[in-house]
Asks: 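Take a look at the following structure, please.
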Amino acid sequence: MAYNHLEIEKKWQKYWEENNTFTTDVNDFSKPKYYVLDMFPYPSGQGLHVGHPEGYTASDIIARMKRMQGYNVLHPMGFDSFGLPAEQYAIKTGHHPEGFTNKNIETFTKQLKMLGFSFDWSKQISTCSPKYYKWTQWIFKRLYEKGLAKLIDMPVNWCEELGTVLANDEVIDGKSERGGYPVIRKNMKQWVLDIPVYAERLLSGLDSIDWPESTKEIQRNWIGKSIGAHINFKVDNSDETFVVFTTRCDTLFGATYCVLAPEHPLIKKIMTKECQDDVLKYIDEAAKKSELERTELNKEKTGVFTGAYAINPVNNKKIPIWISDYVLATYGTGAIMAVPAHDDRDYAFAKKFNIEIIPVLEGGDISKEAFTGDGTHINSDFLNGLNKQDAIKKMIEFLEKNNLGSEKVNYKMREWVFARQRYWGEPIPIVYVDKETYALNDDQLPLVLPVVDDYGRSQDGQSPLAKAKDWVNTTYNGKPAIRETSTMPGSAGSSWYYMRYIDPNNEKMLANPILLKHWLPVDLYIGGAEHAVGHLLYARFWNKFLYDLGISPVEEPFKKLYHQGMILGENGEKMSKSKGNVVNPDDVIKEYGADALRLYEMFMGPLKDEKPWSSAGLQASRKFIDRVYRLVCGKTNIIITIEDTDNLLKSYHKTVKKVTNDFETLSFNTAIAQMMIFVNDCYKEKYVFKGLMEGLVKLLSPICPHVCEEMWLYMGHYNTLAYESWPTYDEKYCVDDTITIGVQINGKLRATIEVNKDTPSNELEKIALENSDIIRHLQGKQIKKVIAIVNKIVNIVAI
RNA sequence: GCCUGUGUGUUGAAAUUGGUAGACAAACUUGACUCAAAAUCAAGCGGGUAAUUCCGUACCGGUUCGAGUCCGGUCACAGGCACCA
């Protein structure tokens, strides 16, 4: 007897919707709150793939369990709906991206509902709706007012193909993340957010949150803190000076040259006439290289001498100033002191150009390679005899005392380039009056996207918005003004959406502060590991900023984070159309049901692992549901209402315990295995107690909600299962009276003995030595020692 | 190159503080039911072997009465960073 999943699932989805079963009253503070959030999807034209339900099922299980445990649960869903595919569709067809986006949202919503997720759809948001992006713009305005959103001239990642600048996390291996087009460095005036201001707090905050260690490490890496010093160098025969950043100021006596990045503004002021041609040629060539070319060439160092010399501030030695693209304009000060004896890169450069190499540390052989380790200082005047740590300390004291430099912390993380020359994004609410920038007034928000004739780039490389002349030309405080035509990047709307779910329709403010105080932080956040730096870092940044404004009540928005692993195709490769290994969830739902899909994806393996799809595994999951259904509703096992055998009662309580604990740690695969053990046990009995079946149905209901509601109804309950109390267990049934323990001889298992629980070790030893298998194995041997651990093992050492 | 993970049957995978390796599934084999098939129910199932014997958690070594688990080294794979001074 199999159940009709098509009928049952539709029926319960309709029931939940009509009864608003999962609508959360956010004003109900009478119960403890639990906020469980999924990373919301980009509504692509392809619809859901089987990877989506994996994370969504996991969060849904937690949401459903928490409701049954008496929490007031907020479990919302929405759409990250600004983005490139919709824009490209618009360029191709000439249709507005909004229609395309809304159609996709509709498809996604329908598909998500077919999977039976207990989302509160009344809280749904979409980042491309003016109702929503009004507040994205409002936050931008606050950033602008605090000086954290600013227009600066800086080298940016420019992608010619996409016609836009990109943030660092949108560039992978010198190519654009979307499309894989080449990216070059270009000096441009751009809107940026000054995220480095928050670098230290973004770093230290990681210690207080329950996130995967790998993700924290990626963020730490990205922030890239290094502690060092700034040292001032004078240019010989000139009033010019420049500053270098170094983490090894202790090696300053070994500095035999300096290097400036090709973009360094000082170069043109200090180069000598003799060297001028070579220098300008080198700068020109460096500018033309793409990011990829620059990094690919990292084996062979290139550079030219400027003709100028710097004065080493500790010994007044004259050292040449070179330029080379191995020094990055965007890190530190764009200038370094080179200590070839103790830095691999400087060593390679010095060898190539025959520059002096002076060792200042003992150890290593500088005729072969640079020595980058620790050692005793030599050739270093007042540092001689000191180790690295002490020498750094003393050098910093010296520099600061003589005004030659200071201790300095540097971060790899740079400003977040916040403007895109695209149509389908939030307009930046800025106007220019005589080149001065002004943010729009709050009552002028939202600044709605204007209508344009076509969505392609403007001829001058500007955003398509520049084509809307009537929109661009405006007034500000009665003066003629022009609007900023860039839009915000994709990560803008997703940087704060978890706040808006709490109060999605508020027209007066971002969200009611009383509600924010109650509902934040997000207790559990589930989504892909690919957002480790982009979204997850930006969201933390915006939250910290809003925290400083007194809007966010918490320093960290996501208390616990979990990444689901990717689901691969049946052949173990990444699912893709070209490989023909894509599994469509709609087909699975039709053939096996949403419950089977949900169960299967949770049983495949640990949630965080990458794992291949298996249609046999899917069928097996459906088989298990059928097996439970037959047990509960079938005729072979009669449900009676007397207490059952001890056997089954123990199995039941152990199951409740394991399932509850495993759900809590998101170990769904082992929780399901335990339910299977219990069901197998039930099948061995002639009768099963109805109460135990009710408990089983409750335990399974977060994973397979439709069929469990159906079984619950079958058992004579006319209310939804969603708010029934979660089963409890009695510890006394979870322990066995007798246990089987192993008996080893010299660490090898030779027999097992059945003993009462907590049998003392002297007793265990006696029983073990009386065992016939053990006696046989001990023949001709002498017992040296017996280790007997209560409830664990007996090990006999014999020779 | 650096950082972080992961290596267990034919397959997906289990295994508290070190304590019977392979739970639960899949595949496979067999039996029951059936005219038959499917479904279902039940049994077996790491490898070698005549065996109740030996081998076995990537590899080498160590600590321990005892190691998948701890320590040192090696290899492979995945992810991240990468001329970051």
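Convention: sequence-line order gives letters A, B, ...; per-chain numbering from 1.
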Asks: How close or far is atom C1' of B:rG12 from atom CD1 of A:Ile567, stated in whole angstroms?
Replies: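 Taking CD1 of A:Ile567 and C1' of B:rG12, I get 12 Å after rounding.
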Asks: Please say whether more than 12 non-hydrogen atoms of neighbouring residues, nucleotides or ligands are located less than 6.0 Å from NZ in A:Lys608.
Replies: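 Open.
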Asks: Quote, to the nearest angstrom, the P distance that separates B:rA21 from B:rU74.
Replies: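 Per the computed distance, 30 Å lies between those P atoms.
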Asks: Whole angstroms only, please: what is the CD-P distance between A:Glu610 and B:rU6?
Replies: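 For the pair A:Glu610 CD and B:rU6 P, the rounded distance is 15 Å.
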Asks: Between A:Asp773 and A:Arg776, is there a salt bridge with N-O shorter than 4.0 Å?
Replies: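 Yes.
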Asks: Where each residue is assigned the nucleotide of RNA chain B containing its nearest heavy atom, which of A:Asn746 and A:Ile336 is assigned the position nearer the 5′ end?
Replies: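 By nearest-heavy-atom nucleotide position, the 5'-most residue is A:Asn746.
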Asks: Counting just side-chain N and O atoms, does A:Lys623 come under 4.0 Å of either OP1 or OP2 of B:rA26?
Replies: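 Looking at the OP1 and OP2 atoms of B:rA26, one of them is under 4.0 Å from a side-chain N or O of A:Lys623.
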Asks: Taking atom P of B:rC24 as reference, at what distance in whole Å does atom CD1 of A:Ile625 sit?
Replies: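 My rounded result for the distance is 20 Å.
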Asks: Between B:rC81, B:rU52, B:rA23, spot the one nearest the side chain of A:Ala673, thanks.
Replies: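 Of all the options, the side chain of A:Ala673 is nearest to B:rA23.
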Asks: Nearest to the side chain of A:Asn669, heavy atoms from C-beta on, is which of B:rG19, B:rA85, B:rA14?
Replies: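 Minimum distance to the A:Asn669 side chain belongs to B:rA14.
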Asks: Counting the atoms with a prime plus P, OP1 and OP2 as sugar-phosphate, which does A:Lys784 contact under 4.0 Å by heavy atoms, base, sugar-phosphate, or nothing?
Replies: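 Answer is nothing: A:Lys784 stays at 4.0 Å or more from every strand.
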Asks: Which residue is it: A:Tyr331, A:Tyr347, A:Phe349? I am looking for the one with a ring pair (Phe, Tyr, Trp, His ring centres under 6.0 Å) to A:Tyr326.
Replies: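 Of the listed options, the one satisfying the test is A:Phe349.
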Asks: Once you apply a heavy-atom cut-off of 4.0 Å, does A:Lys684 come out as touching a base, just sugar-phosphate, or nothing?
Replies: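 Nothing: the residue A:Lys684, judged by heavy atoms under 4.0 Å, touches no strand.
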Asks: Looking at every strand, decide which applies to A:Ile218 at a 4.0 Å heavy-atom threshold: base, sugar-phosphate, or nothing.
Replies: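 Sugar-phosphate only.
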Asks: Please give the distance between the C1' atoms of B:rU53 and B:rU4 as a whole number of Å.
Replies: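 Going atom to atom, C1' in each nucleotide, I get 44 Å.
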Asks: Given B:rA85, B:rU53, B:rA21, which nucleotide is nearest the side-chain atoms of A:Arg776?
Replies: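 Closest of the options to the side chain of A:Arg776: B:rU53.
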Asks: What's the closest nucleotide to the A:Ile677 side chain, out of B:rG19, B:rA23, B:rU40?
Replies: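 Nearest to the side-chain atoms of A:Ile677, counting from C-beta on, is B:rA23.
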Asks: Using a cut-off of 4.0 Å on non-hydrogen atoms, how would the nucleic acid contact of A:Thr247 be classed: base, sugar-phosphate, or nothing?
Replies: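 Touches sugar-phosphate only.
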Asks: Please give, in whole Å, the distance from B:rA78 C1' to A:Glu213 CD?
Replies: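 The distance from CD of A:Glu213 to C1' of B:rA78 comes to 18 Å, rounded to the nearest Å.
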Asks: Does a side-chain N or O from A:Arg750 land closer than 4.0 Å to OP1 or OP2 of B:rG66, or not?
Replies: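 For B:rG66, neither OP1 nor OP2 has a side-chain N or O of A:Arg750 closer than 4.0 Å.
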Asks: Any carboxylate oxygen within less than 4.0 angstrom of a Lys/Arg side-chain nitrogen, looking at A:Asp681 and A:Lys654?
Replies: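 Between A:Lys654 and A:Asp681 there is no salt bridge, as every charged N stays at least 4.0 Å from the carboxylate O atoms.
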Asks: Write down the partner of B:rG1 under the Watson-Crick or G-U wobble criteria, each distance required to be under 3.5 Å.
Replies: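 The base-pairing partner of B:rG1, which may sit in any strand shown, is B:rC81.
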Asks: Between B:rA76 and B:rA26, how far apart are the P atoms? Round to whole Å, please.
Replies: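 It comes out at 37 Å once rounded to the nearest Å.
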Asks: What's the CG-C1' distance between A:Asn410 and B:rA85, to the nearest Å?
Replies: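 In whole Å, B:rA85 C1' and A:Asn410 CG are 9 Å from each other.
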Asks: At 4.0 Å (heavy atoms only), tell me whether A:Arg220 reaches a base, stays on the sugar-phosphate, or touches nothing.
Replies: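 Since no nucleic acid heavy atom lies under 4.0 Å of A:Arg220, the category is nothing.
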Asks: With both distances under 3.5 angstrom, what nucleotide forms a Watson-Crick or G-U wobble pair with B:rC65?
Replies: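 Paired with B:rG19.
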Asks: Quick one: sort the A:Phe305 and A:Trp322 rings into parallel, tilted or perpendicular, breaks at 30° and 60°.
Replies: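 Tilted: the ring planes of A:Phe305 and A:Trp322 meet at 30° to 60°.
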Asks: Using a strict threshold of under 4.0 Å (side-chain N to carboxylate O), is an ion pair present between A:Asp737 and A:Lys650?
Replies: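 Yes, A:Lys650 and A:Asp737 are salt-bridged.
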Asks: Report the nucleotide, chosen from B:rA85, B:rC65, B:rC54, that has the shortest atom-to-atom distance to any side-chain atom of A:Thr246.
Replies: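 For the A:Thr246 side chain, the nearest candidate turns out to be B:rA85.
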Asks: Side chain of A:His777: nearest nucleotide among B:rA85, B:rU53, B:rU4?
Replies: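 For the A:His777 side chain, the nearest candidate turns out to be B:rU53.
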Asks: Using the side-chain hydrogen bond (donor to acceptor under 3.5 Å, both in side chains) rule, take A:Glu570 and A:Ser615 through it: C-alpha gap first, then chi angles, then the decisive distance, then the call.
Replies: CA-CA 8 Å; A:Glu570 199 127 16; A:Ser615 33; 3.1 Å; yes
Asks: Return the nearest nucleotide to the side chain of A:Tyr326; candidates are B:rC83, B:rG66, B:rU40.
Replies: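 Given the options B:rC83, B:rG66, B:rU40, the side chain of A:Tyr326 is closest to B:rC83.
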Asks: Pick the P atom in B:rU69 and in B:rU16, then give their distance to the nearest Å.
Replies: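 B:rU69 and B:rU16 have their P atoms separated by 13 Å.
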Asks: B:rA14 pairs with which nucleotide, Watson-Crick or G-U wobble, both distances below 3.5 Å?
Replies: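 By the stated definition (distances under 3.5 Å), nothing pairs with B:rA14.
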Asks: Compute the centroid of each ring, for A:Tyr411 and then for A:Trp222, and state whether the two points are separated by less than 6.0 Å.
Replies: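 No, too far apart.
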Asks: Classify A:Thr330 by what it touches in the nucleic acid, base, sugar-phosphate, or nothing, heavy-atom distance under 4.0 Å.
Replies: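 Nothing, no nucleic acid heavy atom in range.
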Asks: Find the partner of B:rC59: check Watson-Crick (N1-N3 plus N6-O4 or O6-N4) and G-U wobble (N1-O2, O6-N3) distances, both under 3.5 Å, and reply none if neither fits.
Replies: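 Looking at the geometry, B:rC59 pairs with B:rG73.
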Asks: Which whole number of Å gives the distance between the C1' atom of B:rU11 and that of B:rG22?
Replies: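 Approximately 13 Å lies between the C1' atom of B:rU11 and that of B:rG22.
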Asks: From C-beta outward on A:Thr670, which listed nucleotide comes closest to its side chain: B:rA15, B:rA25, B:rA85?
Replies: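 Minimum distance to the A:Thr670 side chain belongs to B:rA15.
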Asks: Would you measure the distance from the C1' atom in B:rC70 across to the matching atom in B:rU64 and give it in whole Å?
Replies: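 After rounding to an integer number of Å, I get 10 Å for this pair.
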Asks: How would you label the contact of A:Phe603 with the nucleic acid (heavy atoms, under 4.0 Å): base, sugar-phosphate, or nothing?
Replies: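 It contacts base atoms.
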Asks: Which pair of non-hydrogen atoms, one from A:Val50 and one from A:Val583, has the smallest distance, and what is that distance?
Replies: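 Result for this residue pair: CG1-O, 3.4 Å.
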Asks: Pick the C1' atom in B:rU34 and in B:rU40, then give their distance to the nearest Å.
Replies: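 To the nearest whole Å, 12 Å.
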Asks: May I ask which nucleotide in the shown strands pairs with B:rA38, Watson-Crick or G-U wobble, both distances under 3.5 Å?
Replies: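 Its partner is none (no Watson-Crick or G-U wobble pair with both distances under 3.5 Å).
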Asks: Can you measure A:Ile741 atom CD1 to B:rG66 atom P for me and round it to whole angstrom units?
Replies: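 Between P of B:rG66 and CD1 of A:Ile741: 18 Å.
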Asks: Are any of A:Tyr331's side-chain N or O atoms less than 4.0 Å away from OP1 or OP2 of B:rC83?
Replies: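 For B:rC83, neither OP1 nor OP2 has a side-chain N or O of A:Tyr331 closer than 4.0 Å.
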Asks: Between A:Ala335 and A:Gly617, which has a closest nucleotide on RNA chain B that is more 5'?
Replies: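 This one resolves to A:Gly617.
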Asks: I'd like to know whether the aromatic ring centres of A:Phe603 and A:Phe668 sit less than 6.0 Å apart in this structure.
Replies: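 Between A:Phe603 and A:Phe668, the centre distance exceeds or equals 6.0 Å.
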Asks: Report the nucleotide, chosen from B:rG66, B:rA14, B:rA26, that has the shortest atom-to-atom distance to any side-chain atom of A:Asn795.
Replies: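 When the side chain of A:Asn795 is considered, B:rG66 is the closest of B:rG66, B:rA14, B:rA26.
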Asks: Can you tell me which nucleotide in B:rG66, B:rC81, B:rA85 comes closest to the side chain of A:Lys412?
Replies: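 Closest nucleotide to the A:Lys412 side chain: B:rC81.
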Asks: Pick one for B:rG68: is it syn, with its angle within 90° of 0, or anti?
Replies: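 Anti conformation for B:rG68.
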Asks: Take atom CD of A:Gln744 and atom C1' of B:rA67, then tell me their distance rounded to the nearest Å.
Replies: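 The answer, rounded to whole Å, is 11 Å.
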Asks: What is the separation between atom CD1 on A:Ile672 and atom C1' on B:rA14, rounded to the nearest whole Å?
Replies: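 These atoms are roughly 14 Å apart.
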Asks: Looking across every strand, which nucleic acid part, if any, lies under 4.0 Å from A:Asn680 by heavy atom: base, sugar-phosphate, or nothing?
Replies: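 Here A:Asn680 touches the backbone only, sparing every base.
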Asks: Would you mind classifying the nucleic acid contact of A:Glu217 as base, sugar-phosphate or nothing, using non-hydrogen atoms under 4.0 angstrom?
Replies: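 Sugar-phosphate contact only.
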Asks: What integer number of Å spans the P atoms of B:rC83 and B:rC77?
Replies: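 These two P atoms come out 23 Å apart once rounded.
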Asks: Please give the nucleotide sitting opposite B:rU49 as a Watson-Crick or G-U wobble pair, both distances under 3.5 Å, or none.
Replies: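 Per the H-bond distance test, none.
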Asks: Now, which nucleotide makes the Watson-Crick or G-U wobble pair with B:rU29, with each of the two distances under 3.5 Å?
Replies: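 In the structure as shown, B:rU29 has B:rA43 as its Watson-Crick or wobble partner.
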